[in-house]
Amino acid sequence: MSSLLPVAFCLLPATLFADQPAADPARFAAEIAAIEKHDASVPPPQSGIVFIGSSNIRKWPLFESFPGLPTINHGFGGSQLSDCVFYFDRLVTPCRPRLVVLHAGGNDLAAGRSSAQIAADLQEFIARQHAALPGVRLIYIGLIPAPVRWGLRDKYHETTRLVRALIRHDRLVTFLDPEKALLSRKGEIRPELYVEDHLHLNAEGYANLTHFVSRDARLRAPSGSP
């Protein structure tokens with residue numbers, strides 16, 4: 001890790017968090033209603049690609065990043081994975097997507113939730129998707145290695161281990177670990193990929209993440225598919 005990186009970015013409380021209850025999803029009621037209002041006035045493409053999750057999804061310039069693909073940005077900043085589960089029937093199901101891209105979990109760990117709780121919430125999200133959208137694939141983008149949260153990296157890695165075990169036999173779920181796109185070859189934080197808050201990606205960070213996600217050839221529907 002660069003010696004120029006402020007110590008505060010790497011030192012978060014080392015206290016082992018006890019399991020925390022999920023935050024009240026009602027705190028996003030107005031934001032979810034605004035997304036639904038927008039969709040009513042500008043209907044999203046059916047059989048598109050729904051991106052759902054926290055602020056690094058909401059801020060992702062999807063139209064520029066994935067030109068020619070019918071992307072739908074249903075991210076809502078500050079959300080936890082449990083919030084994505086709660087609002088699945090309002091933000092994902094109505095779009096009848098051909099693919100769902102999910103990124104959440106970092107806010108959960110920062111709020112004191114455990115890796116096991118995140119894995120359980122992901123399991124619930126997957127179950128809801130399989131029930132509502134049978135045969136539709138899910139790409140889960142794991143925890144983004146933000147400099148300000150790098151003190152939680154052991155919990156990040158434990159979450160990654162549990163997620164890999166959870167989806168190991170599910171052919172409809174793909175896990176992408178963004179550390180491969182956002183860390184140096186030595187596994188070090190790259191602060192130049194983030195805006196001033198050292199939490200959210202900047203244009204270069206998004207370019208790296210987009211390139212990494214685009215390697216999944218199945219992001220683009222096969223010729224002749226809806």
Practice task
Report yes or no: do Leu172 and Phe51 belong to one cluster of Ile/Leu/Val/Met/Phe/Trp/Tyr joined by side chain heavy-atom distances under 4.5 Å?
Solution key: no

Handout entry: Evaluation steps, ring-ring contact (aromatic ring centres under 6.0 Å, His included), between Phe88 and Phe125
Key = CA-CA 8 Å; Phe88 181 90; Phe125 188 99; 5.1 Å; yes

Practice task
Please step through side-chain hydrogen bond (donor to acceptor under 3.5 Å, both in side chains) for the pair Arg96 and Ser47, ending with a clear verdict.
Solution key: CA-CA 6 Å; Arg96 310 307 301 176; Ser47 298; over 6 Å; no

Problem - Leu91 backbone acceptor or donor facing His74 side chain under 3.5 Å - result: yes

Handout entry: Side chain to side chain, Asp197 and Val148, heavy atoms closer than 4.5 Å
Key = no

Donor-acceptor pairs under 3.5 angstrom involving side-chain atoms of residues 161-169: please list them, not counting sequence neighbours.
| unit_1 | atom_1 | unit_2 | atom_2 | d |
| --- | --- | --- | --- | --- |
| Arg161 | NE | Glu158 | OE1 | 3.1 |
| Arg161 | NH2 | Glu158 | OE2 | 2.8 |

Practice task
Rounded to the nearest 0.5 Å, what's the gap from SG on Cys84 to OH on Tyr140? Could you check?
Solution key: 9.0 Å

Problem - Ile144 side, atom CD1; Leu209 side, atom CG - distance, nearest 0.5 Å - result: 5.5 Å

Problem - Ion pair Glu188/Lys186, N-O distance below 4.0 Å - result: no

Exercise for the section: Mind checking the CZ-CD1 spacing from Arg98 to Ile49? Nearest 0.5 Å is all I need. Expected result: 4.5 Å

Practice task
Return yes if some donor-acceptor pair links the side-chain N/O of Arg153 with the main-chain N/O of Trp150 below 3.5 Å, else return no.
Solution key: yes

Problem - Residue pair Asn208 / His211, side-chain donor-acceptor N/O under 3.5 Å - result: no

Handout entry: Sub-4.5 Å side-chain heavy-atom contact between Ile189 and Pro145
Key = yes

Problem - Interatomic distance, Ile141 atom CD1 to Leu102 atom CG [nearest 0.5 angstrom] - result: 8.5 Å

Problem - Donor-acceptor under 3.5 Å (Asp154 side chain, His157 main chain) - result: no

Problem - Donor-acceptor pair, side chain of Tyr206 and main chain of Leu193, under 3.5 angstrom - result: no

Handout entry: Donor-acceptor under 3.5 Å (Ser55 side chain, Arg58 main chain)
Key = no

Problem - Side chains of Trp60 and Thr71, donor plus acceptor under 3.5 Å - result: no

Exercise for the section: Check for a donor-acceptor pair, side chain of Asp108 on one end and backbone N or O of Leu81 on the other, with a separation under 3.5 Å. Expected result: yes

Fill in the blank from the handout: The residue among Val136, Leu138, Ile52 that forms side-chain contact (heavy atoms from CB on, under 4.5 Å) with Val92 is Ile52

Problem - Shortest non-hydrogen contact between Pro178 and Leu176, atoms and distance - result: CD-O, 3.2 Å

Problem - Flag, side chain of Gln117 to backbone of Gln20, donor-acceptor distance under 3.5 Å - result: yes

Exercise for the section: Please examine the side chains of Arg190 and Leu182, heavy atoms only from C-beta on, and report whether any two atoms are closer than 4.5 Å. Expected result: no

Problem - Short side-chain to backbone donor-acceptor contact, Tyr156 and Leu109, under 3.5 Å - result: no

Exercise for the section: Look at the side chain of Asp177 and the backbone N and O of Lys180, then say whether any donor-acceptor pair between them is shorter than 3.5 Å. Expected result: no

Practice task
Keeping the roles fixed (side chain from Arg90, backbone from Tyr87), state whether a donor-acceptor pair exists under 3.5 Å.
Solution key: no

Practice task
Please indicate whether Glu31 has more than 12 foreign heavy atoms, meaning atoms of other residues, nucleotides or ligands, lying under 6.0 Å from its CD.
Solution key: yes

